[in-house]
There are 2 protein chains.
Amino acid sequence: MATELEGTILSEIYHGADTAFRVRRAFELSPYSEWSGSSGAVYPAINRMVSAGYIVARETGEPRRTKKLSLTPLGQAAMMTWASDAVRAVAIGIDPFILRASLWQAMDEEKWRPLRAALEAALQQSNQTLEAYAQQANPAERPGVELAQKHNALRAKWLVNRGRPGPSEEG
Amino acid sequence: MATELEGTILSEIYHGADTAFRVRRAFELSPYSEWSGSSGAVYPAINRMVSAGYIVARETGEPRRTKKLSLTPLGQAAMMTWASDAVRAVAIGIDPFILRASLWQAMDEEKWRPLRAALEAALQQSNQTLEAYAQQANPAERPGVELAQKHNALRAKWLVNRGRPGPSEEG
DNA sequence: CCGAACATGTAACCTGTTACATGATTAC
DNA sequence: GTAATCATGTAACAGGTTACATGTTCGG
């Protein structure tokens, strides 16, 4: 399993997305900005994995030329290998919040105040989107969504004093 | 500012990396798996930003042909615009932990137990790396590192019952 | 009947990775 | 002297985005 996208596609198929289009739509509806769900990424990735023997694409013969996707045993094994990669699972990828944090440190109060307000608003907005998503998503996704919300809460807490131990806050 | 890499490069220069090589080394030493710090990404990105008028590359005339980098006022403004993008700052990018979480849900206890142990070990390892990094890094980076550690702690807590409300745990 | 949603795909482009190429300086 | 580090860059490649191309089905 080369890329995160490929692993995630297998996971989507496993969770019930039975056509490439539905895999794409799942990415589009996802509250994470993972991937755009662009056809230029999804179709080639699926076709790569069909060639690799991970996915079977059964043509239905319908004029809409939908292909029904399913995982082969090999594909399921590859998916589980991907899911079990602890080092990769734990990696802190490109965190745009942390990437900017050192610059926020350097700001004076006058510049920081409105930005902090904007960040807090954006975090709230993010949590609402997450909440709305959880309502209608596959139950298996909920624990992940809750983790994302807690991550947002952590960031919000951080904003209180830009991560510096303040006079009144701790922990 | 098109990419996160470009914004981060400006930030590195702002924080004292005065040559392209030092920007690269900062990425290599970074505990986040951000970018590899590959010369094939960093040099072109810096040269793009020199062309854009964000960075001045002053040739020193030394035989080692080091170029001293500094931010122009335009570059500083671009950096701050990048840093002030609240929506992007708050985005949950490609979180490999959350991406895998729905698959962990589906595992039976027999499979889950060793994986959970591996994940906990990886999280501890990550926190140690983070700790070692914080010791010698620019003080401005510390609050970001601490946030990453708390993020790891959140993940570790999640692992206790795979995010499901257990009989003995809560919150 | 017409627009939205379903459905698959390609082409140009951008950016990042790996590997290569070159050479100077420093520490042992 | 030689290995590690400093220093800059390019070329081939891989993977994702945007925009385009094409056609079907369903709801109003």
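Quick note on labels: first sequence line is chain A, next is B, and so on, each numbered from 1.
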Student: Nearest-nucleotide wise, let me know which of A:Val42 and A:Glu62 is further upstream toward the 5' end of DNA chain D.
Tutor: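 Upstream on the strand: A:Val42.
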Student: Just wondering, more than 12 heavy atoms not from B:Glu109 lying within 6.0 Å of its CD?
Tutor: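 More than 12 within 6.0 Å, yes.
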Student: Counting the atoms with a prime plus P, OP1 and OP2 as sugar-phosphate, which does A:Ser36 contact under 4.0 Å by heavy atoms, base, sugar-phosphate, or nothing?
Tutor: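 Touches sugar-phosphate only.
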Student: What's the separation between atom CD in A:Glu62 and atom NZ in A:Lys67, rounded to the nearest 0.5 Å?
Tutor: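 Answer for the CD-NZ pair, A:Glu62 versus A:Lys67, is 13.5 Å.
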Student: If I take atom CG from residue B:Leu5 and atom CD1 from residue A:Ile94, how far apart are they, to the nearest 0.5 angstrom?
Tutor: 8.0 Å
Student: In whole Å, I'd like the distance from the CE atom of A:Met49 to the P atom of D:dG15.
Tutor: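 My rounded result for the distance is 11 Å.
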Student: Without decimals, in angstroms, what is the distance between A:Ile9 CD1 and D:dG16 C1'?
Tutor: 11 Å
Student: Examine the side chains of A:Trp82 and A:Glu4 and answer whether a donor and an acceptor come within less than 3.5 Å of each other.
Tutor: yes
Student: Are there more than 12 heavy atoms of other residues, nucleotides or ligands under 6.0 Å from atom CZ of B:Arg58?
Tutor: no
Student: Could you state the CH2-P distance from A:Trp35 to C:dG16, rounded to the nearest angstrom?
Tutor: 17 Å
Student: Supply the atom-to-atom distance B:Leu123 CG to B:Lys157 NZ, rounded to the nearest 0.5 angstrom.
Tutor: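 That separation rounds to 14.5 Å.
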Student: Would you kindly give the CD1-to-C1' distance between A:Ile46 and C:dA7, to the nearest whole Å?
Tutor: 12 Å
Student: Rounding to an integer number of Å, can you tell me how far A:Glu4 CD sits from C:dT17 P?
Tutor: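 So the CD-P distance, A:Glu4 to C:dT17, works out to 14 Å.
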Student: At under 4.0 Å between heavy atoms, how does the protein contact nucleotides 8-15 of chain C? Give one character per nucleotide, 5' to 3', with B, S or -.
Tutor: BBBB---S
